[in-house]
Structure formats: C-alpha cells, structure tokens
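Here the structure comes first, spelled out in structure tokens, and everything after it is commentary.
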Number of protein chains: 2
Amino acid sequence: MSLRHAVLAALVHGEASGYELAKRFDVGVGNFWHARPQQLYAELTRLHQDQLVRATEVPQRSRPTKYLYSLTDAGIAELVEFAAAPKKPTSARDELTVAVQVADVVDHAALIGNLSRRAAQARQKLTNLKDMEKSILGGRTEETFVRTTGHLGPYLTCRRGIQHEADTERWCEWAIGLLRSRIASGDRDRVTATAGP
Amino acid sequence: MSLRHAVLAALVHGEASGYELAKRFDVGVGNFWHARPQQLYAELTRLHQDQLVRATEVPQRSRPTKYLYSLTDAGIAELVEFAAAPKKPTSARDELTVAVQVADVVDHAALIGNLSRRAAQARQKLTNLKDMEKSILGGRTEETFVRTTGHLGPYLTCRRGIQHEADTERWCEWAIGLLRSRIASGDRDRVTATAGP
DNA sequence: CGTCACATGTAAAAGGTTACATGATTCG
DNA sequence: CGAATCATGTAACCTTTTACATGTGACG
C-alpha cells in the first residue's frame, strides 16, 4: 500500500495538482515508483479523505476545476512513520531479462534488437538524470552541496537512478557482444520467429 | 501477461512440478521475475489448458498427486515469439528509495537502519549469485565458456543479477555515509518517528 | 486544421498478495 | 516433540493497467 507514500513524497517538493504530480512521476519520482495519472487522481482523493493532504480549489475558465494538494501535518507524520518502518525488497519484474534467460532457444537477432532498444532507453534516461543532477548540485561540488543543502534526499535518489541506468546500459551492450560473438563462432539449429511449418 | 513467459522460461531448464518450480523462482528466475507458489500453480494449469506445457501425473504415497510439467513444441514457439516481441521497460517500485527521497523530513537513524538491512540483503543475494555463477562456469574462463556452452542465457541473467546486487549494496553504503556525515556536521529540526504531541 | 498542453475522472479487466486448508514424513 | 520438506490448491482482497469520456485554448 505504498503508492500512497510515493505521492506524499512527491508532495514534499511543494503543492501540486494531479496533473502536475503526474509529470513529477514521469521524471523524478518515476525512477523509483511508477504510477499512471488515473492512479494519482484516485490516490489524491483518498489522501484528502484521510486528511493527509489538504486541497485548494482553483476554478479554471473553460476547464475542469483544478485542485492543488499539499501535505498536512498528519501527512508528514505518516511519511516519518513510513520511513522508519521495515521495507520490503523490490520485486523484480523484467520482461527483457526473461527473454535473455532463454537466449539459447530463441532468435538471436530479435533478442539483440530488444537489447539495443533497452540500451537506448537507458541512455536517454541517463541524459535526463544527469541534467537533473546538475540542476540539483547547482554548480557546487558534491562535498559542498552535502554540507549546505536541505535537500539531500532527491540527490541520493537521483544518483541511484543514474547508477542504475548506467548499469543497465552496460549490461545490455555486454550481452549483445556475447550474443554476437556466439553467432560469429558459428551457431546452428537456432529457432527463428519467422520459421513456418 | 508475462508471468506465463517466466514460467515457460523456467521450464526450459527441464521438467518440474509446481513445487520444484517455486524453488527455481526463489533462486534463479526470482532475480528478474517474482512469483508466489499460488501464482505458479494457477499459471501451470492455464498453460496446460492452452497446451503450451504437457503434464505427467506422478502418484505419491500419502501425498497429493504430483504433476511434472514440461514444454511442448507450442510452448517453445510461444517463447520464441515472446523473445522477438518488443519489451516493456521495467516498472520500478522500491519502497526504500521512496523513503530515501524524503530523507530531509524524516528520522535519519531509522533510515540508516533500513539502508543497512537492504545492503545486507544485497550481500546475501550476491553470495548466492556468485555461487551460481561458479557452478555455471564450472571452472572454465568466461571466454572458453561462451564458446563451448549451449546455456548462455542463464549466465547472462546471472551476471545481470550480480551487477545489480553489487550496485545496490554500493549505493546503500554510500547513502549511509552521506547521511551520517550530515548528522556529524550538525542537523537540527529533524522530525523523529517517536516524537509525540 | 491538426496536435499538444491542460485538467479531470469512471469502469472493467488483469495481475498480484494474503490468508486459509490439508496432511504425511523426515530430521534433529 | 517441533520444525522443515513435500505437494497441492481455493477465496478474498488489494493494486495496477487499459480503455473510455469530455472539452478548451494555444501554436504552427
């Protein structure tokens, strides 16, 4: 039940509407918690009912009324409790790795295609995250930043994302290399996706 | 809908009962796809109905009859198709990182506790995965292995796991270091989990 | 004139977790 | 004598995804 805490965490940064929050989940928060806009709208309603956030109505001309949400004291208390509670290990679920697991039974070219696409995605995310890191550090060195800032959290998670994406890219490229070398050293009896009866 | 493919992937290694499969998911496959035994029993039934696996009844004395499942040709074809299809990016969901994101609002000591526990889990998994790697390589160097083997897939995914766990451990320890240095350099106004009214 | 940004949701379906149920055998 | 291993499942619940619904204003 922890979409709830991801939303609260996203609101620490400042008040936001559901729509704005969705964008925060697309860039920053999305690195450690995915959620679709629909989920956010629903969760915000629940959080409001439970008084962990307060909502300010902002009428729009020619658009649905917008609601700006911000943390209440109860909301902050909830976060404090959450951070102290034992955490479940992340539950891994990666289709690509499932496909790689069966590399020996499967069409190599298609697999390599999938690995390249993933590598490209990782590079894209890396670029975004490095921009984010730059804007967090704001010209300071890490050492200075850590001593000065009141916003260590976002920096820590941003670094986490950077390392993870770099790791992903490295692994994809390495796997591609091995699969290719295997093709080069001659492989027979490979089943292909297009093989008909 | 890809628990299905994770199960098929696990069966490439050889026939298994639901119970045995649950163990494969605990060790090997679990590194990239989690599933509870109940899910596996249900999925195996479905796969059997769809004729992607065949089932051999094995009566037990004083125990529920056991079913040994193995891949059919249709099952292998399904895997081939799956491996060629475009893959969704992994959906990140990590409670610990959510907690770290709000480090600045939250009790540092408790957070550090959570980070240490995660680091310890990562070290444990690393040990297991390195044993697995050793048994896969079977004394050969990577180069020799890659040229000789018909089981590249499991090696690739095992390496993925190793790198990921190593990365996790490094990040946890690094984050702990920064959080501690922040305590040392004097921090005030930290909300603690035990603070009452 | 088409597409993107804004701004909210509802409803059904799929996927995953937790709790419960049963019961013999082996090991320390 | 208690715990772990073997061996299967059902049912209720919670979470996530997908599809649908609505409509304006700005930009090129």
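Within every chain, numbering begins at 1; the chains are lettered A, B, ... in the order of the sequence lines, protein sequences first and strands thereafter.
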Can you pull the salt bridge (charged side-chain N to carboxylate O under 4.0 Å, His left out) pairs that have at least one residue in residues 16-36 of chain A, sequence neighbours excluded?
-> none

Minimum-distance nucleotide (side-chain atoms of A:Q39 versus D:dT16, C:dG9, C:dA7) | D:dT16

Strictly below 4.0 Å, heavy-atom distances to any atom of DNA chain D: list the hits from residues 18-29 of chain B, or just say none.
-> B:G18, B:Y19, B:K23

Nearest-nucleotide pick for B:M1, side chain only, options being D:dT16, C:dG15, C:dG9 = C:dG15

Salt bridge (charged side-chain N to carboxylate O under 4.0 Å, His left out): which pairs involve residues 109-124 of chain B, sequence neighbours left out?
-> B:D94-B:R118, B:R123-B:E169, B:R123-B:E173

What does A:S17 touch in the nucleic acid at a heavy-atom separation under 4.0 angstrom: a base, only the sugar-phosphate, or nothing?
-> sugar-phosphate

Selection from D:dT8, C:dC6, C:dG16 that lies nearest to any side-chain heavy atom of B:K66 = D:dT8

B:V58 versus B:T65, closest heavy-atom pair with distance = O-CG2, 3.7 Å

Taking only N/O atoms, report every protein-nucleotides 18-22 of chain D pair under 3.5 Å with atom names and distance.
unit_1	atom_1	unit_2	atom_2	d
D:dA19	N6	A:Q38	NE2	2.8

Which of the following nucleotides, D:dT8, C:dG16, D:dA7, is nearest to the side chain of B:L3?
-> C:dG16

Looking at residues at least two apart in the chain, or sitting in another chain, which of them share a side-chain contact (heavy atoms from CB on, under 4.5 Å) with A:A109?
-> A:D107

Which part of the nucleic acid does B:T45 contact within heavy-atom distance under 4.0 Å: base, sugar-phosphate only, or nothing?
-> nothing

Using the salt bridge (charged side-chain N to carboxylate O under 4.0 Å, His left out) rule, collect all pairs that involve residues 44-62 of chain A, keeping only residues at least two apart or in two chains.
-> A:R4-A:D50, A:E43-A:R46

Selected nucleotide, minimal atom distance to A:S62 side chain, candidates D:dG25, C:dG9, D:dT8 = D:dG25

